[in-house]
Amino acid sequence: VVDFLAPNVDIFVRFNGGSNAGHTVMKNGKEFKFHLLPSGCLHRGKISVISSGVVVDIPLLLKELQTVRDFGIENPILYLSPRAHIVMPYHKKQDEGQEKLRGKAGIGTTLRGIGPAYMDRAGRMGIQVGDLLYPEVFEEKIDFILKEKNTLFQHLYHIPPLSKQEILEEYQALAEKIKPYIGDCQELLHQGIRAGKTVLFEGAQGTLLDICSGTYPYVTSSHTTVSAIGLSTGVLPGMLSDIVGVSKAYCTRVGGGVFPTEITGPLGEHIRQKGKEYGTTTGRPRRVGWLDLVLLRYSASINGFTALALTKIDVLDNLDTVRIAVAYKYGNRLLEFPPENLSLLQQCEPIYEEFPGWTTPETFSLDSLPPNLVRYLEFIRKEVKNIPLYLLSFSPEAHGTIALQ
């Protein structure tokens, strides 16, 4: 979706999450997988921003910048906020140790160190990108942090301690490479908006993974909703002109957690294979399920969607019937919005509407869509507060997308 909109955008902003997010972009028949750079980075002359709400894996970011250069964009334009926090080697060690300690109750993290990095940020012992510009400050922080981390590793997780000197040497070299990209992101964005530039803010994960609004504890460690834009960039929600909710034509989830509409067995495997539903970051098979309007209504409500983009519609081609969850049954009650308590959500049973299947023609347009698909789309629009459909996507390539507005 971001790649499709890119020609009309001047500045792309990644405002939350870390390398636990994976976004796949298809360009000229080639697949690119980004974890930190905004998905519009493959368009020449565009500005990419990584703002303060992101936790940054510096080696991975440098690798992604090289991928952009290899694509033919010799000098990618990136502004990296000095206030963004760094995912350090000890964060990945801690992530692994915590998951092992949880055992069967594990969250199913990507083991990329994201949770521990946000823990340190909240605990006021994180390292910011700007600290790399001041070696003495960086060393002082590492010295203090490793005393705690290595004690934790040795006595709780039973893993070897990390070397302070190795970290200092590694990040001294990384600092020189990343220094040219460090810049004031907030001022850049406010100047751009005042000058009439089009700015696109790209979220990293879905609403139900938000640490406050999601299915806690099966969530990520950052805010994934529209409200996070203001916290991370200084661009307040009232300054946004359009908020596009992006949903697949079905549901997916990676890792643990309640999944009311989950499809198992041969049909679930068929959708997983056809949709290539494997985590971009981990390669783990994604769980798949029918589209859940209870969760989509909730997402639309707390984000203030002004339009919807529906992707991977082609994955549901050639099925006899397609289902949509329209409500949950909880005891004697019907719920149109999910309960806030996870234990209650686990007791909910989805109520479905069934639709006859369709086959999308190879050459498609808005006028040539199968009638059964049109009825499916119209039903979704009416059930989600009549929010208009903005984009329909039938292919990972940008040319497989239809704009309705």
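Please read all numbers here as calculations on a predicted model, not as lab measurements. All residue numbers in this chain count up from 1 along the given sequence.
Side-chain atoms of Glu277 and Tyr250 include a donor-acceptor pair closer than 3.5 Å. Between the side chains of Asp70 and Gln66, a donor-acceptor pair is found at a separation under 3.5 Å. Side-chain atoms of Asp3 and His43 form a donor-acceptor pair, as typed in the model, at a separation below 3.5 Å. For Ser39 and Glu202, the side-chain atoms include at least one donor-acceptor pair closer than 3.5 Å. Thr359 and Asp317 share no donor-acceptor pair across their side chains, judged by distance under 3.5 Å alone.
Separating the CD1 atom in Ile380 from the CG atom in Leu296 is a distance of 8.0 Å, to the nearest 0.5 Å. Rounding to the nearest 0.5 angstrom, the gap separating the CG atom in Leu377 from the NZ atom in Lys382 is 12.5 Å. One distance of note links CZ of Phe32 with CE of Met26; it measures 9.0 Å at 0.5 Å rounding. In this structure, the separation between CD on Gln347 and NZ on Lys329 is 13.5 Å, given to the nearest 0.5 Å. Residue Cys185 holds its SG atom at 8.5 Å from CD1 of Ile50, rounded to the nearest 0.5 Å. Taking OG from Ser221 and CD1 from Ile114, the interatomic distance works out to 8.0 Å, rounded to the nearest 0.5 Å.
In the displayed structure, Asp320 atom CG is contacted under 6.0 Å by at most 12 heavy atoms of other residues, nucleotides or ligands. At most 12 heavy atoms of other shown residues, nucleotides or ligands fall within 6.0 angstrom of atom OH in Tyr216. Counted within 6.0 Å of NZ on Lys197, heavy atoms from surrounding residues, nucleotides or ligands total 12 or fewer; the atom is thus considered open. Shown here is Phe337, whose CZ atom has more than 12 heavy atoms of other residues, nucleotides or ligands within 6.0 Å. A 6.0 Å sphere centred on CD of Gln172 holds no more than 12 heavy atoms belonging to other residues, nucleotides or ligands. Counting non-hydrogen atoms of other residues, nucleotides and ligands closer than 6.0 Å to OH of Tyr118 gives a total above 12. Summarising the local packing, CZ of Arg194 is surrounded by more than 12 heavy atoms from other residues, nucleotides or ligands at distances under 6.0 Å.
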Report task. Please lay out, stage by stage, how Asp131 and Arg83 fare under the test salt bridge (charged side-chain N to carboxylate O under 4.0 Å, His left out). Result -> CA-CA 9 Å; Asp131 293 333; Arg83 294 176 176 170; over 6 Å; no
Requested in this report: Test Thr220 against Asn20 for side chain to side chain donor-acceptor pair (under 3.5 Å), laying out the working first.
Outcome: CA-CA 9 Å; Thr220 191; Asn20 55 337; 3.1 Å; yes
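The closest donor-acceptor contact from the side chain of Asn303 to the backbone of Val226 lies under 3.5 Å.
Taking the centre of each ring, Phe355 and Phe379 come in below the 6.0 Å mark. For Tyr376 and Trp358, the ring centers are positioned less than 6.0 Å apart.
No option in Gln94, His85, Lys149 other than Lys149 meets the side chain to side chain donor-acceptor pair (under 3.5 Å) test with Asp120. Considering Asp10, Ile193, Leu5, Ile11 as possible partners of Thr198, the one that fulfils the side-chain contact (heavy atoms from CB on, under 4.5 Å) test is Asp10. If you run side-chain contact (heavy atoms from CB on, under 4.5 Å) between Tyr330 and each of Pro339, Pro338, Cys348, only Cys348 comes through. Paired with Glu96 under the rule salt bridge (Lys or Arg N to Asp or Glu O under 4.0 Å), one option of Lys93, Lys100, Lys92 passes, and it is Lys100.
The shortest side-chain heavy-atom distance between Leu391 and Leu308 does not fall under the 4.5 Å cut-off. With contacts defined as side-chain heavy-atom distances shorter than 4.5 Å, the pair Asp367/Ser365 qualifies.
Under the 4.0 Å criterion applied to side-chain N and carboxylate O atoms, Glu64 and Lys33 are not assigned as salt-bridge partners. Taking a cutoff of 4.0 Å between a charged side-chain nitrogen and a carboxylate oxygen, Arg297 and Glu383 qualify as a salt bridge.
Relative to the ring axis of Tyr352, Arg323 places its NZ or CZ within 45° and under 6.0 Å from the centre.
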